[in-house]
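Notes to accompany the following structure.
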Amino acid sequence: MAPWVFTLLLVLPILGFLITRTALGRLRKVESPEQIMAERARQALKSATAVDASDTEFLSALYRALVSAILGRQGSMGTSLTWSEARTRLIAIGWDAVDADAAARLLETVESFNYSGGSLDRDKRSDLLERTRQVVRRLAR
């Protein structure tokens, strides 16, 4: 066997391994915290629109959507925020104080409805859902 053939046969597996590893590394989907939290917010809004969702499920989904959108915009992960933390974070990402207050109050409203145990009528549900959608859309930009 010629020395160049021997060297080629010795190097081919190494080259195959390196090419395969590089290809898999480029094809592998790497999600950032922003993408993960944005997807979590979309899924939460989708579950909130389910017709058969109870008030508790509906309000939990709205809360999850708002929190995920706010945290995702900042590039962090998490599952809960108080309304004052939400306001502070919204101002930190460039929202004006009035809009940040409105979004934080929406979060507070969702929390208070959720923990009060009262029932929501159809108009209140659609109002909360629409306001939440607007905030999430704005944060997704």
Side-chain angles (χ1 to χ4, degrees), residues 1 3-141:
M1 182 181 307
W4 66 271
V5 173
F6 177 75
T7 305
L8 181 66
L9 291 175
L10 190 63
V11 171
L12 277 177
I14 295 170
L15 284 175
F17 173 76
L18 291 175
I19 290 170
T20 304
R21 186 171 175 169
T22 303
L24 289 176
R26 289 184 183 216
L27 294 175
R28 187 172 298 139
K29 187 177 180 184
V30 178
E31 291 188 348
S32 66
E34 294 92 353
Q35 293 169 324
I36 293 169
M37 295 303 280
E39 180 60 29
R40 197 177 286 176
R42 279 191 294 276
Q43 290 299 322
L45 279 176
K46 186 177 180 181
S47 66
T49 59
V51 176
D52 60 339
S54 69
D55 286 347
T56 304
E57 292 169 341
F58 173 75
L59 292 167
S60 294
L62 292 184
Y63 178 82
R64 200 169 46 253
L66 286 168
V67 169
S68 296
I70 293 168
L71 291 175
R73 181 66 184 265
Q74 280 200 311
S76 60
M77 301 283 288
T79 56
S80 66
L81 284 175
T82 64
W83 71 268
S84 61
E85 289 173 328
R87 181 185 184 283
T88 303
R89 288 175 183 253
L90 289 170
I91 290 173
I93 62 172
W95 281 37
D96 62 49
V98 174
D99 291 340
D101 281 338
R105 293 290 172 208
L106 174 61
L107 185 66
E108 182 183 34
T109 302
V110 168
E111 281 182 312
S112 59
F113 271 121
N114 194 20
Y115 293 116
S116 70
S119 62
L120 295 172
D121 62 359
R122 182 180 212 98
D123 292 335
K124 194 62 177 171
R125 277 179 82 117
S126 64
D127 177 55
L128 287 173
L129 181 61
E130 187 54 38
R131 289 171 46 200
T132 302
R133 273 191 185 136
Q134 289 173 356
V135 171
V136 170
R137 280 185 194 135
R138 183 169 176 199
L139 286 166
R141 286 188 227 155

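Values reported hereafter were calculated over all heavy atoms of this structure, with side chains retained and with hydrogens, waters and symmetry mates removed. Numbers here simply count residues along the sequence, with the first being 1. Predicted, not measured: the structure shown is a model, and the values here were computed from it.
- Minimum interatomic distance between Val136 and Ala69 (heavy atoms only, all atoms of both residues): CG2-CB, 4.0 Å.
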Show me the side-chain donor-acceptor pairs of residues 57-64 shorter than 3.5 Å, one per line, residues at least two apart or across chains.
| residue | atom | partner | partner atom | Å |
| --- | --- | --- | --- | --- |
| Glu57 | OE1 | Ser54 | N | 3.0 |
| Ser60 | OG | Thr56 | O | 2.9 |
| Tyr63 | OH | Leu81 | N | 3.1 |
| Tyr63 | OH | Leu81 | O | 3.0 |

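- Separation of atoms CD1 (Ile70) and CH2 (Trp95) is listed at 7.5 Å; rounding is to 0.5 Å.
- Here Leu24 contributes atom CG and Ile19 contributes atom CD1; the two are 12.0 Å apart, rounded to the nearest 0.5 Å.
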Passes side-chain contact (heavy atoms from CB on, under 4.5 Å), Arg131 versus Asp127? Steps please. CA-CA 6 Å; Arg131 289 171 46 200; Asp127 177 55; 3.3 Å; yes
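- Shown here for Leu9 and Pro13, the closest heavy-atom pair between the two residues is O-CD, 3.2 Å.
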Trace of the side-chain contact (heavy atoms from CB on, under 4.5 Å) decision for Arg87 with Asp101: CA-CA 6 Å; Arg87 181 185 184 283; Asp101 281 338; 2.2 Å; yes
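- Using a 4.5 Å heavy-atom cutoff, the side chains of Arg40 and Met77 are in contact.
- When each of Lys124, Arg122, Arg125 is checked for a salt bridge (charged side-chain N to carboxylate O under 4.0 Å, His left out) with Asp55, only Arg125 meets the rule.
- Among Arg89, Met37, Glu34, the one residue that satisfies the side-chain contact (heavy atoms from CB on, under 4.5 Å) test with Gln74 is Arg89.
- For residues 107-118, the set of pairs meeting the side chain to side chain donor-acceptor pair (under 3.5 Å) definition, not counting sequence neighbours, comprises Arg105-Glu108.
- Looking at Arg133 and Thr49, their side chains come closer than 4.5 Å, going by heavy atoms from C-beta outward.
- Thr20 and Gly16 make their closest contact through OG1-O, 2.8 Å (heavy atoms, listed as atom of the first residue, atom of the second, distance).
- The nearest pair of heavy atoms linking Ala65 to Ala41 is O-CB, 3.6 Å.
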Can you check side-chain contact (heavy atoms from CB on, under 4.5 Å) on Leu106 and Leu128, steps first, answer last? CA-CA 8 Å; Leu106 174 61; Leu128 287 173; 3.9 Å; yes
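- The CG atom of Asp99 sits 11.0 Å away from atom CD of Gln134, with the distance rounded to the nearest 0.5 Å.
- Expressed to the nearest 0.5 Å, how far CD1 of Ile93 lies from OG1 of Thr88 amounts to 11.5 Å.
- Side-chain contact between Leu45 and Leu129 is present, with heavy atoms from C-beta onward closer than 4.5 Å.
- Remark: the backbone N or O of Ile36 is not paired with any side-chain donor or acceptor of Glu39 at under 3.5 angstrom.
- Rounding to the nearest 0.5 Å places CG of Leu139 at 6.0 Å from CG of Leu90.
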Stepwise side-chain contact (heavy atoms from CB on, under 4.5 Å) test for Thr79 and Val67: CA-CA 7 Å; Thr79 56; Val67 169; 5.8 Å; no
